Student: 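Sharing a structure below in structure tokens format, with a few things to ask.
All of these numbers come straight from a predicted model, not from anything done at the bench. For ligands, and for the atoms within them, numbers begin at 1 and follow the listed sequence.
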Amino acid sequence: MKILVVGSGGREHALAWKLSQSPLAEVVYCAPGNAGTARDVRNLNIAADDIPRLVKFAEENAIDLTVVGPEAPLVAGITDAFQKRGLLVFGPSAAAARLEGSKVFTKRLLRKANIPTAAFAVFSNFAEAEQYISDGDEQPMVVKADGLAAGKGVFVCANRQEAREAVRSILADRSFGDAGAQVVIEECLVGEEASILAIVDGDTIVPLDVSQDHKRALDGDEGPNTGGMGAYCPAPVVTPEIMDEIVRRVLIPTVHTMKQDGCPFNGVLYAGLMLTAGGPRVLEYNVRFGDPEAQPVLMRLKTDLLEILHLAASGKLDQLEGLEWDPRPAVCVVMASEGYPGGYAKGATITGIEQADQLPDTKVFHAGTALDGDNVVNSGGRVLGVTALGDTLADARERAYAAVDLISWNGAWCRRDISDKAL
Ligand code: AMP
Ligand code: GLY
């Protein structure tokens with residue numbers, strides 16, 4: 001089969017790398033990819049959001065399956081565009097991708113299906129939102145822009161004053177443009193966060209082993225939010241009993257309601273949950289693999305990923321005979337550019353990647369890298385996802401950091417405590 005992976009981050013490198021190991025894979029392309037996918041598969045000079053050119057390439061080259069990594073092209077309708085031309089694609093339609101593209105859509109669906117989530121109200125009028133906050137109790141609240149805001153549209157507010165400022169920024173100042181045409185104001189939940197990812201074909205749900213991300217920039221979960229500074233898999237925070245409750249009370253009714261509403265969900269359903277004293281509550285949905293969660297998850301997956309995604313895209317996931325996992329845990333440490341998640345310099349030469357890659361059970365996934373002649377240079381904020389398997393989580397962690405310590409460039413840094421919260 002000829003495969004096309006859309007995207008350029010660490011998640012897409014992990015997807016392309018895993019897909020290329022399938023005995024069914026004849027060639028794997030990545031559009032636009034990075035310096036890591038350039039080495040493991042074939043890069044295409046087409047942007048991930050250039051849907052017409054991606055469709056044209058897939059048609060002209062008889063691509064058998066396209067796998068879409070990031071949310072933006074999914075929300076923009078890449079799946080619909082491919083399907084219109086009779087091309088097989090793994091990823092939700094634009095209508096189903098509203099689960100990530102619109103928080104208002106998701107909250108209304110959760111309420112309708114009686115799925116546990118924080119109590120909420122929706123506003124498009126600034127004065128009405130302000131009045132609602134003033135009429136409420138003095139307590140923490142969470143204010144969210146409706147649309148895609150690159151992970152920056154959520155404000156956890158300690159009091160009414162902070163909530164008013166967040167609403168002003170979203171609705172009145174339009175800090176997120178049209179993504180802030182509506183706000184959700186919701187109850188602030190307390191508990192431990194967990195992410196559950198499942199492959200879905202519209203009907204059948206195949207949950208993946210649990211992984212845990214580290215969203216804050218600094219050790220001890222301090223500092224600003226990032227796209228994710230590291231992840232590990234499996235994550236003991238979700239016990240089999242909690243998992244069972246999440247499948248029953250969250251995943252099944254979500255997939256069922258999407259189907260009933262005429263927008264069946266096909267792709268990766270990623271539920272962000274708060275494990276509260278009263279049970280799991282949905283914070284948000286994403287409609288794609290997590291980045292960097294995909295890296296340790298795919299490192300452990302033994303079942304042929306191409307077979308899984310092909311069955312899912314074809315609506316035949318019920319034919320899959322369960323998933324097989326490497327029993328060993330995996331840890332992924334993200335190495336970032338100096339200044340990230342703020343501004344950063346690009347173009348520094350990175351050394352040591354090959355030595356790190358040669359360590360046993362270790363893989364350096366590229367994210368923000370590019371080729372400058374023969375040199376690999378940094379071209380993004382999150383640069384590498386250094387991932388290792390180990391007999392125990394502590395062993396995997398040690399191997400990942402041993403590999404990290406072989407790699408350097410001017411300004412490189414990483415968190416030093418990835419996976420410690422599980423130990
Ligand atoms: P979201 O994009 O909706 O997952 O929000 C991003 C982050 O904001 C989450 O990972 C939580 O840390 C926090 N968050 C979102 N909603 C709530 C809530 N209702 N209560 C407490 N924290 C929240
Ligand atoms: N690592 C968080 C995300 O992919 O949304």
Side-chain angles (χ1 to χ4, degrees), residues 7 9-12 14-15 68-72 74-75 97 99-107 110-111 115-121 139-158 162-163 166 170 176 179 183-197 208 210-217 221-222 224-233 235 237 267-278 280-298 332-334 336 341 365 367 381-382 385 415 418:
R11 163 184 53 210
E12 287 77 23
L15 286 167
V68 184
E71 62 276 15
L74 292 168
V75 171
L99 279 179
E100 178 160 1
S102 170
K103 297 201 185 278
V104 172
F105 172 83
T106 298
K107 292 298 285 194
L110 293 170
R111 178 184 275 167
I115 296 167
T117 190
F120 71 100
Q139 62 184 9
M141 266 168 275
V142 183
V143 177
K144 302 179 175 183
D146 174 48
L148 290 184
K152 299 198 172 101
V154 174
F155 298 83
V156 179
C157 305
E162 283 183 28
I170 296 169
F176 304 98
V183 291
V184 175
I185 302 179
E186 66 180 42
E187 166 198 12
C188 190
L189 302 171
V190 273
E192 178 113 40
E193 284 183 51
S195 310
I196 299 295
L197 284 82
L208 301 176
V210 181
S211 56
Q212 181 108 23
D213 182 15
H214 296 62
K215 284 190 180 155
R216 301 296 199 97
D221 289 336
E222 304 280 342
N225 261 322
T226 70
M229 295 304 300
Y232 58 94
C233 173
V237 51
V268 177
L269 186 60
Y270 169 143
L273 302 152
M274 189 74 90
L275 306 178
T276 72
R281 305 262 185 282
V282 177
L283 295 177
E284 64 159 350
Y285 274 122
N286 296 316
V287 298
R288 39 143 186 107
F289 283 100
D291 187 345
E293 293 96 315
Q295 289 84 317
V297 168
L298 294 175
C332 169
V333 177
V334 170
F365 293 113
R382 293 191 295 168
R415 273 181 66 160
I418 300 303

Student: Can you check whether I170 reaches F155 side chain to side chain, under 4.5 Å on heavy atoms?
Tutor: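 The answer is yes; the side chains approach within 4.5 Å.
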
Student: Considering non-hydrogen atoms of the protein only, which is the closest contact for atom 21 (C) of ligand 1, and what is the distance?
Tutor: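 So the nearest neighbour among protein heavy atoms is L189 O, 3.3 Å.
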
Student: Can you find a pair of side-chain heavy atoms, one from L273 and one from I196, that are under 4.5 Å apart?
Tutor: yes

Student: Decide whether the shortest distance between a heavy atom of R288 and an atom of ligand 2 is less than 4.0 Å.
Tutor: yes

Student: What are the atoms of ligand 1, with element, lying closer than 4.0 Å to any heavy atom of M274?
Tutor: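 Within the 4.0 Å cut-off of M274, ligand 1 contributes 21 (C), 22 (N).
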
Student: For ligand 1, which part of V142 has a heavy atom less than 4.0 Å away: the side chain, the backbone, both, or neither?
Tutor: side chain

Student: Examine ligand 2 and decide if any of its atoms is less than 4.0 Å from a heavy atom belonging to G290.
Tutor: yes

Student: Go through ligand 1 atom by atom and flag the ones less than 4.0 Å from a non-hydrogen atom of K215.
Tutor: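 Listed by number with element, the hits are 10 (O).
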
Student: I need the L189 CG to T117 OG1 distance, nearest 0.5 Å.
Tutor: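 Going from the CG atom of L189 to the OG1 atom of T117 covers 7.0 Å.
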
Student: Any heavy-atom pair between the side chains of V237 and Q212 that's under 4.5 Å?
Tutor: yes

Student: Quick one: does any side-chain atom of E100 pair with a main-chain N or O of A97 as donor and acceptor, under 3.5 Å?
Tutor: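 A pair under 3.5 Å: no.
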
Student: How far is atom 16 (N) of ligand 1 from the closest protein heavy atom, and which atom is that?
Tutor: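 Going atom by atom, the protein heavy atom closest to atom 16 (N) of ligand 1 ends up being K144 NZ, 3.0 Å.
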
Student: Should one rank D213, L197, N286 by closest heavy-atom distance to atom 2 (C) of ligand 2, which comes out on top?
Tutor: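 Among D213, L197, N286, the closest heavy atom to atom 2 (C) of ligand 2 belongs to D213.
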
Student: Can an N or O of R11 be found at a distance shorter than 3.5 Å from an N or O of ligand 2?
Tutor: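 Looking only at distances, the answer is no, because the N/O contact criterion of under 3.5 Å is not met.
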
Student: Any atom of ligand 1 sitting under 4.0 Å from a heavy atom of R281?
Tutor: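 Under 4.0 Å: no for R281.
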
Student: Counting N and O atoms only, with roles assigned by atom type, does the side chain of D213 sit under 3.5 Å from a partner on the main chain of A231, one being a donor and the other an acceptor?
Tutor: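 Such a contact is absent between D213 side chain and A231 backbone.
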
Student: So how far is it from R281 CZ to T276 OG1, rounded to the nearest 0.5 Å?
Tutor: 4.0 Å

Student: Considering the heavy atoms of E187, write down every atom of ligand 1 situated less than 4.0 Å from one of them.
Tutor: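 Contacts of ligand 1 toward E187, numbered from 1: 18 (C), 19 (N), 20 (N).
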
Student: Looking only at protein heavy atoms, identify the closest one to atom 7 (C) of ligand 1 and say how far it is in Å.
Tutor: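 Going by distance alone, atom 7 (C) of ligand 1 is nearest to V154 CG1, 4.3 Å.
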
Student: Is the shortest distance from a heavy atom of G227 to ligand 2 less than 4.0 Å?
Tutor: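 Checking ligand 2 against G227, which is what was asked, there is a heavy-atom contact under 4.0 Å.
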
Student: Under a 4.0 angstrom heavy-atom cut-off, which atoms of ligand 2 come close to E293?
Tutor: 1 (N), 2 (C), 4 (O)

Student: How far is atom 2 (O) of ligand 1 from its nearest protein heavy atom, and which residue and atom name does that atom have?
Tutor: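 Protein heavy atom at minimum distance: E284 OE1, 3.0 Å.
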
Student: Under 4.0 Å from a heavy atom of E186: give me the atoms of ligand 1 that qualify, with their elements.
Tutor: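 In order of number, 16 (N), 17 (C), 18 (C), 19 (N).
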
Student: What protein heavy atom sits nearest atom 13 (C) of ligand 1, and how far away is it?
Tutor: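 In this structure, atom 13 (C) of ligand 1 has V156 CG2, 3.9 Å as its nearest protein heavy atom.
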
Student: Which ligand 1 atoms does K103 reach within 4.0 Å, using its non-hydrogen atoms?
Tutor: 1 (P), 2 (O), 3 (O)

Student: I'd like to know if G272 contacts ligand 1, where contact means a heavy-atom distance under 4.0 Å to any ligand atom.
Tutor: no

Student: Between K107 and D146, is there a side-chain N and carboxylate O pair less than 4.0 Å apart?
Tutor: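 The answer is no: the pair does not qualify as a salt bridge.
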
Student: Roughly how far apart are L99 CG and E284 CD, rounded to 0.5 Å?
Tutor: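 Interatomic distance, L99 CG to E284 CD, rounded to 0.5 Å: 11.0 Å.
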
Student: Are R11 and E293 within salt-bridge range, i.e. N to O under 4.0 Å?
Tutor: no

Student: Please determine whether a side-chain nitrogen of the Lys or Arg among E71 and R288 lies less than 4.0 Å from a carboxylate oxygen of the Asp or Glu.
Tutor: yes

Student: Going by heavy atoms in the side chains, are M274 and E192 under 4.5 Å from each other?
Tutor: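 No; the side chains remain at least 4.5 Å from each other.
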
Student: Please list the nearest protein heavy atom to atom 10 (O) of ligand 1 with its residue and the distance rounded to 0.1 Å.
Tutor: E193 OE1, 2.6 Å

Student: Which protein non-hydrogen atom lies closest to atom 17 (C) of ligand 1, naming both residue and atom, and how far is it?
Tutor: L283 CD2, 3.5 Å

Student: Strictly by modelled atom types, are T226 and K215 linked by a side-chain donor-acceptor pair under 3.5 Å?
Tutor: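 Absent: no donor and acceptor within the cut-off.
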
